[in-house]
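The next block holds one structure in the form of structure tokens; read it before the comments.
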Amino acid sequence: AELACDKAKASGGNQSAFFDPTLAEAAEQRRHMENDLRQAVREQQFVLYYQPIAELANHRVAGAEALIRWRHPERGLIPPDHFIPIVEQSGLINEIGLWVLETACAQLAAWQAAGSTHYLSINVSGRQIPHGLPPAAIADALARHGVEPGRLAVEITEGILLNNISEAQSWLHAVQQLGIPVYLDDFGTGYSSLSYLKRFPLDTLKIDRAFVQDMQPGNSEHSLVEAIIAMARSLGLKVVAEGVENAAQMKMLGAMGCHYGQGYFLSRPMPADEFAESAKDIDRRLAMPDDGR
Ligand code: C2E
Ligand code: MG
Ligand code: MG
Ligand code: MG
């Protein structure tokens with residue numbers, strides 16, 4: 001930052017008066033982070049965590065969402081919100097996205113070999129569509145790992161539908177043609193438009209956790225969640241409620257006919273080696289008729 005400041009002064013005039021050191025620092029930090037991220041891609045410093053998703057009607061873990069973390073050599077585990085926006089802008093998202101696909105398919109193959117039927121959904125950013133993550137690359141990864149397409153799902157957000165509507169549409173159609181379910185993530189936030197639900201091939205809506213967390217019997221969030229579930233059901237879509245943090249929310253969602261729940265009440269996202277054991281624990285807990293639910 002000091003260097004940039006000197007440069008601004010050296011270039012003369014009034015420039016230094018307009019020079020904002022915090023902005024320069026932010027830019028510098030970002031460049032630094034981009035370099036670190038390039039190295040992270042080369043050295044495979046990423047790891048996928050897995051968060052269970054339970055089917056509410058039969059009280060069992062049905063699958064999981066894969067959530068990326070960056071295992072930084074000095075700074076430890078960094079959550080995706082801190083680096084995904086940067087890799088999206090720098091184009092690194094395509095390489096990372098392919099790594100996510102590969103790792104998810106390997107994980108599915110391992111679960112399959114262990115006799116588990118859990119499915120896995122991966123998050124796909126708008127920047128990866130359509131060329132960063134070609135449907136053919138997904139088909140290829142599944143085939144190489146011997147995983148049925150129905151075991152993998154892709155989570156997209158409404159953002160991808162904002163520009164390049166027709167490209168997004170054909171990407172989604174191609175993915176669905178392969179037999180891979182498409183989830184619309186964070187539903188209810190952003191620029192939601194109900195027309196998307198008709199225009200895009202979707203299998204599942206994930207209701208954003210903001211609605212789920214504020215649900216109380218009789219309040220408007222409760223009504224909204226109830227209405228979203230009813231609408232989804234009548235359109236033939238499945239619903240996952242995100243951010244389920246307690247038994248009361250789980251109960252309300254079950255009563256509303258929500259298909260799946262995901263959230264800290266079941267488990268936080270965890271490393272692969274903890275997943276199988278944890279899924280069994282959750283199944284046991286949910287099977288208890290009293291208050292585990
Ligand atoms: P998302 O796809 O909506 O994932 C759900 C986020 O909510 C996760 O945050 C998860 O840890 C968190 N969460 C789950 N249950 C609860 C709960 O009960 N309470 C609260 N407060 N939070 C809960 P995380 O892992 O930090 O991921 C944040 C976002 O980063 C994701 O939101 C997704 O948009 C993005 N992301 C994660 N992995 C990837 C990836 O591999 N590729 C891309 N492009 N984006 C990713
Ligand atoms: Mg997601
Ligand atoms: Mg979400
Ligand atoms: Mg999100």
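When reading the values below, keep in mind they use all heavy atoms of this one structure, side chains included, and skip hydrogens, waters and symmetry mates. Order of listing sets the numbers, starting from 1, for every ligand and every atom in it.
Within the 4.5 Å cutoff, no side-chain heavy atoms of Arg31 are placed close to those of Glu34. Residues Ser267 and Ile282 form a side-chain contact, since some pair of their non-hydrogen atoms from C-beta on lies under 4.5 Å apart.
Electrostatic pairing of Arg285 and Asp281 does not count as a salt bridge here, judged by no charged N lying under 4.0 Å from a carboxylate O.
The nearest non-hydrogen atom to atom 37 (C) of ligand 1, considering only Ala241, Gly261, Ser267, Pro80, comes from Pro80.
In summary, an N, O or S atom of Glu242 is located under 2.8 Å from the Mg ion (ligand 3). Not a single N/O/S atom of Ser121, whether from backbone or side chain, sits less than 2.8 Å from the Mg ion (ligand 2).
Here the angle at the Mg ion (ligand 2) defined by OE1 in Glu155 and OE2 in Glu65 stands at 90°, rounded to 10 degrees.
Judged by the 6.0 Å distance and 45° axis criteria, Arg69 is not positioned over the aromatic ring of Phe83.
For residues 266-288, the pairs satisfying ring-ring contact (aromatic ring centres under 6.0 Å, His included) are Trp111-Phe275, His118-Phe275, with sequence neighbours left out.
Take the N/O/S atoms of Asp185: the one nearest the Mg ion (ligand 3) is OD1. No other N/O/S atom of Asp186 lies as close to the Mg ion (ligand 3) as OD1 does.
At least one heavy atom of Gln213 sits closer than 4.0 Å to an atom of ligand 1. Contact between Arg209 and ligand 1 is present, with at least one heavy atom of the residue lying under 4.0 Å from the ligand. The closest approach between Arg69 and ligand 1 falls below 4.0 Å for a heavy atom of the residue. Close to ligand 1: Glu65, with a non-hydrogen atom less than 4.0 angstrom away.
Between Gln176 and Asp203, the side chains place a donor N or O and an acceptor N or O closer than 3.5 Å (distance only, hydrogens not considered).
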